[in-house]
Amino acid sequence: MSETETASFPPFNGYVTVSKDASIGMITLRGALNSKGLGLAVGKSLPKERCILDAKDMQVAWMSPDELMVLCPKENVANLEADFQKSLGSQHALVSDVSDARAVFTLKGTNVREVVAKLAPVDMAPGHFGTGEMRRTRFGQIAAAFWMTADDEVKIICFRSVAQYMYQQLCVCAARGSELDLWT
Amino acid sequence: MLIFECPYCGIHADETELSPGGEAHLKRFGPGASDEDFEGYLFMRENPKGVHFERWRHSNGCGKWFHAARCTMTLEVFGTYKAQTFEPPQEIKDKITAKRPGWSWRTFS
Ligand SMILES: [Zn+2]
């Protein structure tokens with residue numbers, strides 16, 4: 001299984017590099033998004049609207065007014081999930097391990113903004129989007145979410161069932177010769 | 001290209017990030033309703049030239065349903081508002097009145 005996966009997503013060296021990350025842990029949390037609700041699970045680290053923040057051993061992303069996504073090393077999922085359940089107690093909330101549902105890609109290079117802008121209806125101009133923000137949108141014809149870990153690195157997540165489509169369109173848009181040099 | 005501000009996540013989303021959900025503020029008539037009411041609920045829709053109220057979903061985004069008030073002729077957007085309401089908020093109605101005095105739509109004006 002893992003062999004076929006690696007085979008379908010070879011690292012691509014365009015003017016921006018495209019690579020598929022090893023599978024990571026993802027936990028969906030749904031419920032009241034405040035300190036008495038989901039805040040109990042993730043502690044002080046409740047992200048602001050449309051933001052992603054680094055907490056201890058995990059990242060917490062704002063997905064909607066009642067939804068968070070926790071990203072963590074895969075081996076921590078079971079423990080975290082149990083912790084979240086425990087701290088939420090009998091509250092009306094959802095804690096679900098969705099690690100296998102999505103694929104993660106990394107774009108790296110000085111022109112990452114441009115490659116994202118080719119595929120998503122998001123203003124990627126410097127100053128309009130930056131690190132710390134989490135953006136749910138579409139890439140081409142599929143739903144996706146992305147954030148910048150640095151000014152030259154973007155992480156993109158999409159459903160695993162459409163990972164091949166994502167990989168191929170990212171490679172096309174990152175191909176050498178297709179530079180637009182919008183912001184460089 | 002229509003651009004709506006999603007009242008749930010604040011994104012100014014263009015049409016390609018949204019899914020249309022048809023006319024807004026429909027009252028559901030289900031089991032036990034008269035044939036006439038049921039037919040009206042299922043099939044009877046406004047088709048105005050001008051002020052119109054619609055439901056949209058931020059499907060390639062936060063996933064929430066919301067309402068939009070816009071003009072079908074000029075594509076001008078008067079505003080968007082949350083789904084948890086039976087009628088447009090006064091603030092939206094005022095905005096429409098400022099631009100289209102005398103407007104009416106179904107029972108709203
Ligand atoms: Zn939204």
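Lettering follows sequence order; numbering is per chain, from 1.
Minimum interatomic distance between B:Lys64 and A:Ser64 (heavy atoms only, all atoms of both residues): CE-OG, 3.8 Å. Minimum heavy-atom separation, A:Ile142 to B:Asn60: C-OD1, 4.5 Å. The shortest heavy-atom contact between A:Trp62 and B:Tyr8 is CH2-O, 3.7 Å.
To the nearest 0.5 Å, atom SG of residue B:Cys62 and atom CE of residue A:Met63 are 10.5 Å apart. Between the CZ atom of A:Arg138 and the OG atom of B:Ser59 there is a distance of 10.0 Å, given to the nearest 0.5 Å.
A:Asn34 CG: more than 12 foreign heavy atoms inside a 6.0 Å radius.
By the rule that hydrophobic residues join a cluster once side-chain heavy atoms approach within less than 4.5 Å of another member, B:Leu42 and B:Met44 end up as members of separate clusters. A:Val116 and A:Val172 sit in two unconnected hydrophobic clusters of ILVMFWY residues. Membership requires side-chain heavy atoms under 4.5 Å apart, directly or through other members. Note on A:Phe105: it clusters hydrophobically with A:Tyr15, by side-chain heavy-atom contacts below 4.5 Å among ILVMFWY residues. Residues B:Phe29 and B:Leu26 are members of separate hydrophobic clusters, defined by side-chain heavy-atom contacts under 4.5 angstrom among Ile, Leu, Val, Met, Phe, Trp and Tyr. In the hydrophobic clustering of this structure, A:Leu71 does not group with A:Leu68; members are Ile, Leu, Val, Met, Phe, Trp, Tyr whose side-chain heavy atoms approach within less than 4.5 Å, directly or through other members.
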Salt bridge (Lys or Arg N to Asp or Glu O under 4.0 Å) evaluation trace for A:Arg135 with B:Glu17: CA-CA 12 Å; A:Arg135 180 67 150 88; B:Glu17 224 175 73; 3.0 Å; yes
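Taking the side chain as every heavy atom from C-beta outward, A:Arg50 and B:Ile11 approach each other to under 4.5 Å.
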